[in-house]
Amino acid sequence: MNRRTFVRRATLAVSGFGILRTLPACRDRGTDADRAFITIRDRYFVRHLELNPVTSTYLGGDGYSQTLRDINGKLRDYRPAALEDELRFYRDARDAVRRIDPATLSPGTYVDHQVMSSQLEFLIRYIDERHYHQRAVDSYVAEPFRGIDWQIQQMRALDDDLLGTEEEWEFVVARLMAIPAYLDVARDNIRDGKRAGIVADWRMIQRDGIAGSRANAEYFRSTLPGLARGYLADRSFAASILDRLEAGGAGAALAYERFATILEQAFDPTDRTDRFAAADQEYEWRVRNILRDPRGAEMLYAYGAAEVLKYTQRITEIAQVVASEAGLTLPFGSPAESNASIRRVMDHLSIDSPASDEELFEWYRDAGDRAVEYGRERGLFDIPRDYELEVVPTPPVLRSTIDAAYYPAPPLKRSGVGRFYLTPTGNDPGALRQNNRASIATTAVHEGFPGHDWEFRYMAENADEISNIRWLTPGAVEDSSSMWSDSMAMEGWGLYSEELMSEPAADRPYGFYSAAEYLYQLQAQLLRAVRVRVDVGIHTGRMSFSEAVDYFTEHVSFYPNACARAADDPDARAICASADRAIYRYSKWPTQAITYNLGKNAIIDLRESYREKKGDSYSAREFHERLMRMGSIPVGFFRAAFLAEA
């Protein structure tokens, strides 16, 4: 593309994009540089969603622009020629952005300039330099499933538990039919990567690639048509949709089975070489350029250890309080005694568990109601009187993947609501014990109020102040291709919410929590501190995978050497398996695991600096609302501007 005509073409294209977010910088139009940048930014935003259809579905892109309406029936084009076109567009956009002097921009537009530059650098790096599409095994397996899963989640709810219009189901059929060709391209890219020495870690090949493909085959062949029958019932178009869903599902299932076989044949199952998604240089690049944290790997590694020590000491202290309240006489003299006693305290607390799923939901709703009332009492937020934290059963299609989680409504659509999903246990006594009364509060706070549910609702109501690119999830929404900058903001806020609610008040030494609830809140903080240590460790060669697993079992589960004891100890075996799953997730999502702790502490640091500048006029409510209106980007992008406006 001729660089001189890029802005002119973008201006013509933007005029037909439909709904565009109206930002403060747009309303007064700002400087000439603001206007030039906004044109480039909006063109990039829509084109990026056109190139990444599943991301567009997740965000509700068709609610932003009618040009994105048909994207819901497509999958990303990973063919080499298509990626070259995509790369060319990103380079042109980067060059256009670079020609604008950031110093000439108004504060809000300046932040967007930095965000867009970071996104473009990531996209170009991952396509052109790292050729990540040649090793993105989990992306190829997850993307089609997630696209269809999100389509169904967002469908219009009708009477009699029916779901979706004919048009919405037609888009599902179209995306389903696209899967075989999509996997043919994936096969070719993975083979090209192997020839070039760009190979995924063996665990990803085995777990996401082979096992994940076979699980997808079952989903598309059986689960999806079964769900559709219930959602479609006997409506006039149901038979036609079901016929094509069954045919498309069978074709997709065969394609995934072929993909699993190809991976089995292409890679030596005895090769156990660690090939994680990042390395030292790449990891530090992501931390600096994506998360906007200036620390190097060695500093972060040491920081992680210090955070682990801090929260371990706090847990040990509160475990003694809980033990005393429960009448338990337990030793805490040595580290080994502390580990055993902390586990004993948690075992004791697990006795007070719900008797049924009905009671489980009652306890979660009660914890949510208490959290909302506490937020009102303390003036942390301006909470409407009619705000309620709704906890609903997880839809069947999602129950195999989540226990408790928040699923936001697509932010670019004016319709839809977010959901705090809780998966029923089927009244399983063992699963119910995992949700004992003391453990529930911190999850209700993180996923509900004032965590994800409150944050997303507030951002949706103030969406006109949040620019389009601050919603983007470049690379992918949730797999190893993702940039993960949004996680720094979203998960940082969730963890900040947990800690915010624990801050002591005059009559509440643990804030919102009881002593027992505070113990679990500290364990949640400790988990995220451990993630910093092990994520930096495995991706920069400071820890092996097995060392990371052992570190996790010792510092999160308080069960040292669990894996070495797994053969003869069922508890150790379960703890080791759980730790292995956690470390595997971190190994394929570099820097995602550290975003919780780093994001939380960036918010706290910003708050304290803001409080210092505001002095007696500081308001917790005003700070939190300003922060949420900055959108889903790391604090490092807007810290200076945020404080300058204090």
Taking the basic N atoms (NZ, or NE/NH1/NH2) and the acidic carboxylate oxygens, is any pair closer than 4.0 Å for Glu373 and Arg370? no

Flag, side chain of Ser609 to backbone of Leu606, donor-acceptor distance under 3.5 Å: no

Check: Phe45 ring centre within less than 6.0 Å of Trp471 ring centre: no

Output, in order, the C-alpha distance, side-chain angles, deciding distance and verdict of ring pair (Phe, Tyr, Trp, His ring centres under 6.0 Å) for Phe623 and Phe642. CA-CA 10 Å; Phe623 169 77; Phe642 194 96; 5.8 Å; yes

Check whether the side chains of Tyr458 and Arg629 place a donor and an acceptor atom closer than 3.5 Å, and report yes or no. yes

Output for pair (Trp493 CH2, Trp454 CH2), nearest 0.5 Å, gives 9.5 Å

Just checking, is any N or O donor in the side chain of Tyr586 or Asp535 under 3.5 Å from an acceptor N or O on the other one? no

Taking only residues two or more places apart in sequence, or in another chain, which ones meet Glu84 in a side chain to side chain donor-acceptor pair (under 3.5 Å)? none

Minimum-distance pair of heavy atoms, taken over all atoms of Ser487 and Gln592: OG-NE2, 3.4 Å

Check this for me, if you would: do Glu307 and Arg533 make a salt bridge, where the nitrogen-to-carboxylate-oxygen distance has to be below 4.0 angstrom? no

Does Phe122 reach the side chain of Arg286, with side-chain heavy atoms less than 4.5 Å apart? yes

Thinking salt bridges, do Glu498 and Arg528 make one under a 4.0 Å N-O criterion? yes

Residues Leu291 and Trp484: closest non-hydrogen pair is CD2-O, 4.2 Å

Any luck finding a side-chain donor-acceptor pair between Ser106 and Asp34 under 3.5 Å? yes

Any side-chain heavy-atom pair from Tyr407 and Gln154 closer than 4.5 angstrom? no

His133 ring center near Tyr78 ring center (under 6.0 Å): no

Run the salt-bridge test on Arg76 and Glu143 with the 4.0 Å N-O cut-off and return the result as yes or no. no

Do any N or O atoms from the side chain of Arg376 and from the backbone of Pro384 form a donor-acceptor pair under 3.5 angstrom? yes

Out of Lys600, Glu491, Glu455, His624, which one pairs with Tyr496 under the side chain to side chain donor-acceptor pair (under 3.5 Å) rule? His624

Is it the case that Tyr132 and Ser480 place a side-chain donor and acceptor less than 3.5 Å from each other? yes

Working to the nearest 0.5 angstrom, can you tell me the gap between Tyr126 OH and Ser482 OG? 9.5 Å

Step through the shown structure and confirm whether more than 12 heavy atoms of other residues, nucleotides or ligands are within 6.0 Å of NZ on Lys588. yes

Is there side-chain contact between Phe89 and His48, with at least one heavy-atom pair below 4.5 Å? no

Check this for me, if you would: do Arg607 and Glu499 make a salt bridge, where the nitrogen-to-carboxylate-oxygen distance has to be below 4.0 angstrom? no

Between Tyr406 and His446, is there a side-chain donor-acceptor contact under 3.5 Å, judged purely by atom types and distance? no

Can you name the nearest heavy-atom pair linking Pro102 to His113, along with the distance? CG-CE1, 3.5 Å

Do the charged groups of Arg88 and Asp85 touch, with an N to O distance under 4.0 Å? yes

Under a 3.5 Å threshold, yes or no: a donor from one side chain and an acceptor from the other, between Tyr387 and Asp453? yes

Nearest 0.5 angstrom please: Trp150 CH2 to Ser56 OG, how far? 11.5 Å

How long is the span from the CD atom in Gln521 to the OH atom in Tyr513, to the nearest 0.5 Å? 4.5 Å

Say whether Asn597 and Tyr311, considering side chains only, have a donor N or O and an acceptor N or O under 3.5 Å apart. no

Is the closest side-chain donor-acceptor distance between Glu121 and Asn289 under 3.5 Å? no

Side chain of Lys614, backbone of Ser619: donor and acceptor closer than 3.5 Å? no

Electrostatic pair Arg146-Asp479, nearest N-O below 4.0 angstrom: no

Report the residues that fulfil side-chain contact (heavy atoms from CB on, under 4.5 Å) with Glu645, sequence neighbours left out, ordered by chain and then residue number. Pro107, Arg626

What pair of heavy atoms forms the shortest contact from Arg41 to Ser467, and how long is it? NH1-CB, 3.8 Å

Less than 4.5 Å apart, any side-chain heavy atom of Asp70 and any of Phe171? yes

Roughly how far apart are Tyr58 OH and Asn52 CG, rounded to 0.5 Å? 14.0 Å

So do Asp486 and Val477 actually touch side chain to side chain, heavy atoms under 4.5 Å? no

Quick one: closest heavy-atom pair of Ala646 and Tyr610, and the distance? CB-CE1, 3.6 Å

Shortest non-hydrogen pair, Ala444 vs Leu389, comes out as O-CD2, 4.1 Å

If you round to the nearest 0.5 Å, how far is OH of Tyr44 from CG of Leu120? 5.0 Å

Which class fits the ring pair Tyr283 and His539: parallel under 30°, tilted 30 to 60°, perpendicular over 60°? parallel

side-chain contact (heavy atoms from CB on, under 4.5 Å) filter on Asp77, not counting sequence neighbours, yields Arg79, Ala82

Salt bridge present between Glu390 and Arg419 (N-O < 4.0 angstrom): yes

Is it the case that the side chain of His452 and the backbone of Pro408 share a donor-acceptor pair, with hydrogens and angles ignored and the cut-off at 3.5 Å? no

For the residue pair Gln151 and Thr57, confirm or rule out a side-chain donor-acceptor distance under 3.5 Å. no

Just by modelled atom types, is the Lys74 backbone N or O under 3.5 Å from a matching donor or acceptor in the Arg175 side chain? yes

